[in-house]
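To keep things clear, I will list the structure first and then write my remarks on it.
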There are 2 protein chains.
Amino acid sequence: MSLIPLRPDAEPERRDAARNRELLLRAARELIEECGADGLTMGTLAQRAGVGKGTVFRRFGSRAGLMMALLSDAEARFQGRFMFGPPPLGPGAPPLERLIAFGEERIAWVMEFGELARAADVSAYNRFDVPAAVLWHRHLEMLLREAGVTADPWLMATSLSAVLEPERILHAVRVHQISPDRLAASWRELVSRVVRGA
Amino acid sequence: MSLIPLRPDAEPERRDAARNRELLLRAARELIEECGADGLTMGTLAQRAGVGKGTVFRRFGSRAGLMMALLSDAEARFQGRFMFGPPPLGPGAPPLERLIAFGEERIAWVMEFGELARAADVSAYNRFDVPAAVLWHRHLEMLLREAGVTADPWLMATSLSAVLEPERILHAVRVHQISPDRLAASWRELVSRVVRGA
DNA sequence: AATAGAAACGGACCGCAGTCCGTTTTGATC
DNA sequence: GATCAAAACGGACTGCGGTCCGTTTCTATT
């Protein structure tokens, strides 16, 4: 991702390494197409790409890292939109409207990339400290401050982040048949009350 | 002559099964004492209890199932308190106060049993449908309705449940050094605004 | 072109959760 | 007490994520 680079120390990649990364990403997309994200195993991925298993882990660190790499394009696009894009998601609209738009767009994003996002989330404990999550959190916190929420905006942003977690959204939609529209309406309601109470 | 032994009474456990369950629970508590919940493996547990590994899985189904069994006492006590105990957690207090108390007590509960709760949560997808989680959700939904929240109380309860998830609370406390008091204050703020907006 | 050392490679290897299935225990019935 | 089917047992086995380390490939330098 370009806005929050996965490798901030931009040291160039050796040619074989770059070639294998492309091979692996391509193979991973194929396998996910065929078996779903949950059906992808690191072993079959290595086999399909024609590289050793060690290479897969050297490139991506872990299964979750691979999934994040697959997501990074979509993630970067989303980040660009809420940071620099047109209102109401981007700057220019009143903070409450931006908060509402953020949730709506995030829900739509989860509908599209949720399976991958779930697979990327598995890492048990520090998934909240992954760069993208930190950025969303900061964004929410900033909007809350702008909206005049003075009571612990950091923790309030944490709570709002919890509401938008892919796993929960997907569960509501897939198991309880809640429509994305209904989710969005509830988000609007929640965030309005949080802000209006300020 | 009854060839089909009907057993309407729920007394389905054979004596050896009951003995092994106790052996396993005792051994599990010992191991967790020594190595922490994350350090407990099903293999060492079987060894410590002096039973086969298959027996462990027959009893508890999975690692998460074992952790839930270990939690069930504490869980039952908590449930008893918010359903039948004294106010403000139990019935008798105004709904907003009960909501506040529920969050406060839940945060304290996570401080005490959180590691186990996290280990019990790993099961990826339907952890929201575990009986205890369903019960908390219903309780929150009921209190929201009583407090006059008419806008989709079911989803609002879902959002509030998300805020109280053990994993997130533990992360805030352990990684970001947030005090439980500060968490409780933020919960109070959040739930007050949600209800007051009604 | 030769060299050297850093980087990447690959697949055997590890520990773990969870399954399978032949063997043993249990307890209701005779 | 003998019988027997159902239930429980146990440990070898599978498949997975992840690691290790001896081998190969790159590239900067001469």
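Keep in mind that this is a model prediction, so the values were computed, not measured. Here is the naming used below: chain letters follow the sequence lines, and residue numbers restart at 1 for every chain.
- Nucleotide C/dG18 holds its P atom 13 Å from the CG atom of B/Leu45, rounded to whole Å.
- For the side-chain contact (heavy atoms from CB on, under 4.5 Å) test, residues two or more places apart in sequence or in another chain that qualify with A/Ala162 are B/Ala162, B/Arg168.
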Worksheet, complete the sentence: Nucleotide by nucleotide, nucleotides 7-17 of chain C touches protein heavy atoms under 4.0 Å in the pattern (B base, S sugar-phosphate only, - none) BBBBB----SB

Enumerate donor-acceptor pairs with a distance under 3.5 Å from any side-chain N or O in residues 138-145 of chain B to protein atoms, sequence neighbours excluded.
unit_1	atom_1	unit_2	atom_2	d
B/Glu141	OE2	B/Arg145	NH2	2.8

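- Residues that satisfy the salt bridge (Lys or Arg N to Asp or Glu O under 4.0 Å) test with A/Arg15, not counting sequence neighbours, are absent from this structure.
- Take B/Glu34 and apply the side chain to side chain donor-acceptor pair (under 3.5 Å) test, not counting sequence neighbours, and it matches B/Arg48.
- By the side-chain contact (heavy atoms from CB on, under 4.5 Å) test, B/Glu104 pairs with B/Ile100, B/Ala184, B/Arg188, sequence neighbours left out.
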